[in-house]
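What follows is one structure encoded as structure tokens, with my remarks underneath.
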Amino acid sequence: MKNFTFCTTKTIVNEKGGVSRIAEFASGLNCTRVLVVTDKGVVAAGHYDKLAQRLSAANIKFFSYQDVGPDPSEQMVYSATEIATRNAIDCVVGIGGGSALDVAKAASVIAKTKIRLDEIFGIEKVAGTRLPLILIPTTAGTGSEVTYSSVITAADGKKKVVISNKLYADVALLDVELTSTMPTFVAATTGIDAIVHAIEAYTSVNKKNPISDMLAIEALRLLIGNIEQAVSEGDHWESKSKMLLGAMLAGQAFSNASVSSIHGFAYPMGEMFHLSHGLSNALMLSPILKFNAPAAAREYGAIGKNLFKEVSGDSDENATAFLIRKIDRILASLNLDKKLRDFGVKDQNVEDLAKAAFSQERLNLNNPRKIGLDDARAIYQSAF
Ligand SMILES: [Fe+2]
């Protein structure tokens with residue numbers, strides 16, 4: 001067996017309505033002055049008010065940065081940090097989708113260390129500590145509440161990542177009530193993102209390990225088994241809870257095992273066409289599963305056999321084909337069986353996309369099938 005290290009968030013609370021206990025969690029970390037990092041959608045949905053009322057009632061002073069947007073920028077991190085510094089904040093609470101949580105993570109480091117993002121982009125470059133950090137997801141997808149990364153769009157327009165064990169939060173709070181206000185499209189695309197996290201963690205060449213494998217399989221069981229009902233039935237708490245849990249387990253898995261080329265091919269679509277992270281992954285999922293299948297039949301087959309009794313005794317190839325058909329059916333039922341051209345990508349863009357995806361070395365290294373530049377062109381063409 002290969003050596004491995006597995007890290008995750010220290011405290012994970014899975015509790016419907018648990019956001020009402022925010023003051024308790026903050027006090028448990030000795031927090032007296034809290035910065036809440038969030039976005040306008042969370043405020044409009046009333047989730048921020050719920051949290052603010054509880055902090056007020058417990059006499060915990062709080063301030064907020066509510067302007068996180070999609071593909072969060074360096075400036076958002078610095079604006080949040082500035083509020084933290086000006087108000088002598090001693091704790092950061094992120095509540096929202098992956099973008100808000102990623103800004104909260106970065107702000108918790110910078111408010112404490114005063115270093116610049118440029119100095120910490122990359123792997124394990126965070127020196128010193130961060131402020132206490134509580135992360136509360138309002139989507140069931142990114143798993144950001146339990147991951148060690150923060151994806152920020154740098155001043156040059158490129159997405160850059162801070163990767164550090166210091167970014168594991170002190171508390172991740174899963175409150176399914178907060179996911180009930182997600183628009184259908186967001187629920188579908190973030191749910192697919194979570195499925196991609198689990199599949200890529202399970203097939204990661206270099207960093208998969210027995211714990212990430214176990215988490216990825218259980219995540220896929222929950223996600224694949226519940227995504228359609230959770231998306232279509234707004235108040236079906238059972239399926240929504242399973243999606244939230246599945247997305248968190250997938251986050252734990254990929255934070256240790258890494259994602260790979262589906263994400264590598266999705267990132268340039270976010271950078272060049274501003275497609276959401278979940279949608280970009282949804283568009284690349286099936287084409288890359290099909291490209292990888294000849295090299296990943298053992299792993300894809302194991303997923304298929306673990307999840308579907310119809311193929312539990314079949315060959316790896318049959319179980320792989322069953323899994324891919326199942327994924328295609330789910331994408332179709334969520335109305336996500338779309339092509340790049342449906343979202344403004346032109347034929348002549350394929351070359352730039354292929355070059356950008358080919359250069360995502362950190363991710364492609366973990367893909368179960370080696371990808372050359374010609375392969376990258378062919379993959380985008382098949383998704384086009
Ligand atoms: Fe993702």
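Quick note: residue numbers are just sequence positions, from 1. Just so you know, ligand 1 is whichever comes first in the structure, and atom 1 is the first atom listed for that ligand. All values below come from the heavy atoms of this structure, side chains included, with hydrogens, waters and symmetry mates left out.
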Would you say the side-chain atoms of K105 and S144 include a donor-acceptor pair closer than 3.5 Å?
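Judged by distance alone, the side chains do pair up.
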Among side-chain atoms of N292 and N367, is any donor-acceptor pair under 3.5 angstrom?
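A donor-acceptor contact under 3.5 Å links the two side chains.
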Qualifying residues under side chain to side chain contact (heavy atoms under 4.5 Å, CB included), relative to A104, sequence neighbours excluded:
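With sequence neighbours excluded, A104 shows a side chain to side chain contact (heavy atoms under 4.5 Å, CB included) to V37, V92, L133, L135, given in chain and number order.
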Would you confirm whether the ring centroid of F343 sits within less than 6.0 angstrom of the ring centroid of F273?
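Distance test on ring centres: not under 6.0 Å, no.
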Which atom of H47 lies closest to which atom of E177, heavy atoms considered
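H47 and E177 have their closest heavy atoms at CE1-O, 4.1 Å.
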Listing by chain and number, what protein N/O/S atoms are under 2.8 Å from the Fe ion (ligand 1)?
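Correct list: D193 OD1, H197 NE2, H263 NE2, H277 NE2.
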Derivation and outcome, side chain to side chain donor-acceptor pair (under 3.5 Å), residues D71 and T153:
CA-CA 6 Å; D71 306 317; T153 302; 5.1 Å; no
